[in-house]
Amino acid sequence: MARKCFWLCVLSLPGFWIVFSAIASSTMTVQAFTGTYGINYGRIADNIPSPDEVVSLLKAAKIKNVRIYDADHNVLKAFSGTGLELEVGLPNGFLKETSASEEHAMNWVKENVQAFLPETHICGIAIGNEVLGGGDLELWGALLGAAKNIYKAVKSLNLDGAVQITTAHSQAVFSNSFPPSSCIFRENVVQYMRPLLEFLTEIGSPFCLNAYPFLAYMSDPENIDINYALFESTKGIIDPKTGLHYDNMLDAQIDAAYAALADAGYRKMEVIVTETGWASRGDENEAAATVSNAKIFNYNLRKRLAKKKGTPYRPRNVLKAYVFATFNENLKPGPTSERNFGLFKADGSISYDVGFHGLKSSSSDSSYLSLKSFQARGLSANHIFSLTFSAVTLLLLLR
């Protein structure tokens, strides 16, 4: 116990963190993902729980890996001392300025990452989201420069052994994705993708993919078996080139990415799923967006990830995925489905049962309160210990 307390104290020292990061950067490739399951914490809403409540929710659900799409300081403060692993985001709107100025990149990293370490476990920075293949061609040209400048700042601050640099891509970067082995990068994307992949390889980062069987099924419901998209029992497909059998669409989407990477000359790069999910409600033309289908997909996704196995094409690369999303976000634009991907409703209750518990106001949830919650009420760790000891003593005397 004394040894554990010693290390907890040492790890809280800024000086130790700097030395440790410097050593780590020279001895290992940073890993921003612990285990196989994570979640995206989007906040395009005006009615969702506070960041402190979200921490309680995620800890109760035992979800350790979390992604946000910015570096909101209220969120970073709420995650302090929780042990949760957090990937922050440099929003698309910041890419041009960050690409053009190393000083701007340094200031951003200092203010939004270094200032919160090590108490908040920021393990990664996502540079933009779904930039390549998107509609703003200027951002395509700014992406690599922004990634390089952020990495330079992270490295110069001796944080490159603790903070991973990535960027997530949509399916729009691919061409010929069926069967999986035929997938390549789109011709107009390749000139931007190749130097980006070279950079990511140099710094030991994975290829991050936003993969949605929901969207693929919705695009062609007459020819795609919904059971194949939902991880349910089905005959699946066989890739005629490789002879590999696929019993679910997500595996096929991931292996399509692996095929495109191999075609581009990056066969060894790992693929991590940074977004996947299923909408629980949609418009009239989104018939597959139902509570039942969302429940089946997310329950089966958890089972699939718990197996800690790879895909047919890359069986040794254990699949890791962040589900989208924590909450239904009422201010997101677009079709109704866009506002209904949450595992939890705006009030913190579950959208459907996949094994998690929502926020509750009853005393049964008191065990989910963190030490920081007690301290916010004016109680120190010694006070809490004293109260607990007194309560236990009283119970023993009353027996």
Side-chain angles (χ1 to χ4, degrees), residues 38-49 54 66-70 72 75 87-95 126-140 143 167-174 177 186 188-189 208-222 224 226 229-230 249-250 253 257 273-298 301 321-352 354:
I39 199 165
N40 287 278
Y41 170 26
R43 305 185 320 281
I44 306 178
D46 60 5
N47 59 354
I48 58 177
V54 172
V66 187
R67 294 179 78 238
I68 59 176
Y69 294 90
D70 54 17
D72 183 271
V75 175
E87 180 179 86
V88 300
L90 177 75
N92 288 358
F94 292 5
L95 293 184
I127 311 300
N129 186 53
E130 299 187 346
V131 175
L132 300 185
D136 190 336
L137 295 181
E138 289 187 13
L139 292 185
W140 294 27
L143 178 61
T167 185
H169 305 284
S170 74
Q171 300 278 342
V173 300
F174 300 129
S177 58
R186 277 174 45 189
N188 64 333
V189 169
C208 294
L209 176 67
N210 295 344
Y212 286 90
F214 168 73
L215 297 178
Y217 173 78
M218 289 291 294
S219 69
D220 192 12
E222 294 183 1
I224 297 176
I226 194 169
L230 293 172
M249 184 181 289
L250 184 63
Q253 290 178 324
V273 176
T274 36
E275 287 183 18
T276 190
W278 199 284
S280 60
R281 185 173 170 233
D283 295 320
E284 290 184 5
N285 63 341
E286 298 178 303
T290 67
V291 170
S292 176
N293 286 341
K295 176 180 178 179
I296 292 170
F297 177 86
N298 280 292
L301 174 65
Y322 291 90
V323 68
F324 188 87
T326 307
F327 298 108
N328 292 333
E329 298 173 69
N330 68 321
L331 298 182
K332 290 196 74 175
T336 299
S337 60
E338 284 290 323
R339 294 178 288 281
N340 289 277
F341 273 90
L343 298 184
F344 301 93
K345 298 178 181 178
D347 63 1
S349 62
I350 57 174
S351 297
Y352 38 80
V354 292

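Values below: all heavy atoms of this structure, side chains included; hydrogens, waters and symmetry mates excluded.
Using modelled atom types, one side-chain atom of S351 and one backbone atom of G342 make a donor-acceptor pair closer than 3.5 Å. Between the side chain of S280 and the backbone N or O of N340 there is at least one donor-acceptor pair closer than 3.5 Å. Side chain of W278 to backbone of A288: a donor-acceptor contact under 3.5 angstrom is found. A donor-acceptor contact shorter than 3.5 Å links the side chain of E329 to the backbone of I44. Between the side chain of T276 and the main chain of A211, a donor-acceptor pair closer than 3.5 Å is present. Judged by distance alone, the side chain of N298 and the main-chain N or O of A294 form a donor-acceptor pair under 3.5 Å. Side-chain atoms of S177 never come within 3.5 Å of backbone atoms of F174 as a donor-acceptor pair (strictly under, hydrogens ignored).
Between Y322 and E275, the side chains place no donor N or O within less than 3.5 Å of an acceptor N or O (distance only, hydrogens not considered). R67 and N40 are linked by a side-chain donor-acceptor pair at a separation below 3.5 angstrom, with hydrogens and angles left out of the test. A donor-acceptor contact under 3.5 angstrom links the side chains of D283 and T336, judged on distance only. Residues N92 and N129 bring no donor and acceptor atom of their side chains to less than 3.5 Å of each other.
Surrounding OH of Y69 are more than 12 heavy atoms belonging to other residues, nucleotides or ligands, all under 6.0 Å away. No more than 12 heavy-atom neighbours from other residues, nucleotides or ligands sit within 6.0 angstrom of NZ on K345. More than 12 heavy atoms of other shown residues, nucleotides or ligands fall within 6.0 angstrom of atom CZ in R186.
Going from atom CE of M249 over to atom CG of L230 covers 9.0 Å, rounded to the nearest 0.5 Å. Distance OG/S337 to CG/N328: 11.0 Å, rounded to 0.5 Å. Summarising the geometry, atom CG belonging to D70 is positioned 8.5 Å from atom CZ belonging to F94; distances are rounded to the nearest 0.5 Å. Atom CG of D136 and atom CG of L143 lie 11.5 Å apart (nearest 0.5 Å). In this structure, CG on L209 lies 8.5 Å from OG on S170, to the nearest 0.5 angstrom.
For the pair L132 and H169, the minimum side-chain heavy-atom distance is below 4.5 Å. Within the 4.5 Å cutoff, the side chain of N188 has heavy atoms near those of the W140 side chain. Side-chain contact check for R43 versus I48: some heavy-atom pair is nearer than 4.5 Å. At least one side-chain heavy atom of P213 sits less than 4.5 Å from a side-chain heavy atom of L250. Between I350 and L343 there is no side-chain heavy-atom pair separated by less than 4.5 Å. Side-chain contact between N330 and D46: present, with at least one pair of heavy atoms (C-beta onward) separated by less than 4.5 Å. Here the side chains of N210 and E130 are in contact, with some heavy-atom distance below 4.5 Å.
Here the closest non-hydrogen pair linking E286 and P335 is OE2-CB, 3.5 Å. Across Y41 and P49, no two heavy atoms sit closer than the pair OH-O, 4.5 Å. The two atoms that bring C208 and T167 nearest to each other are CB-O, 3.5 Å, heavy atoms only. Among all heavy-atom pairs drawn from S349 and D347, the shortest one is OG-OD1, 2.6 Å. Heavy atoms only, all atoms of each residue included: A287 and M218 are closest at N-CE, 4.2 Å.
Using cut-offs of 30° and 60° on the angle between ring planes, the pair Y212 and F324 is perpendicular.
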Practice task
May I have the step-by-step check of side-chain contact (heavy atoms from CB on, under 4.5 Å) for L215 and Q171, ending in yes or no?
Solution key: CA-CA 10 Å; L215 297 178; Q171 300 278 342; over 6 Å; no
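Geometrically, R339 does not engage F341 in a cation-pi contact defined by less than 6.0 Å to the ring centre and at most 45° from the axis.
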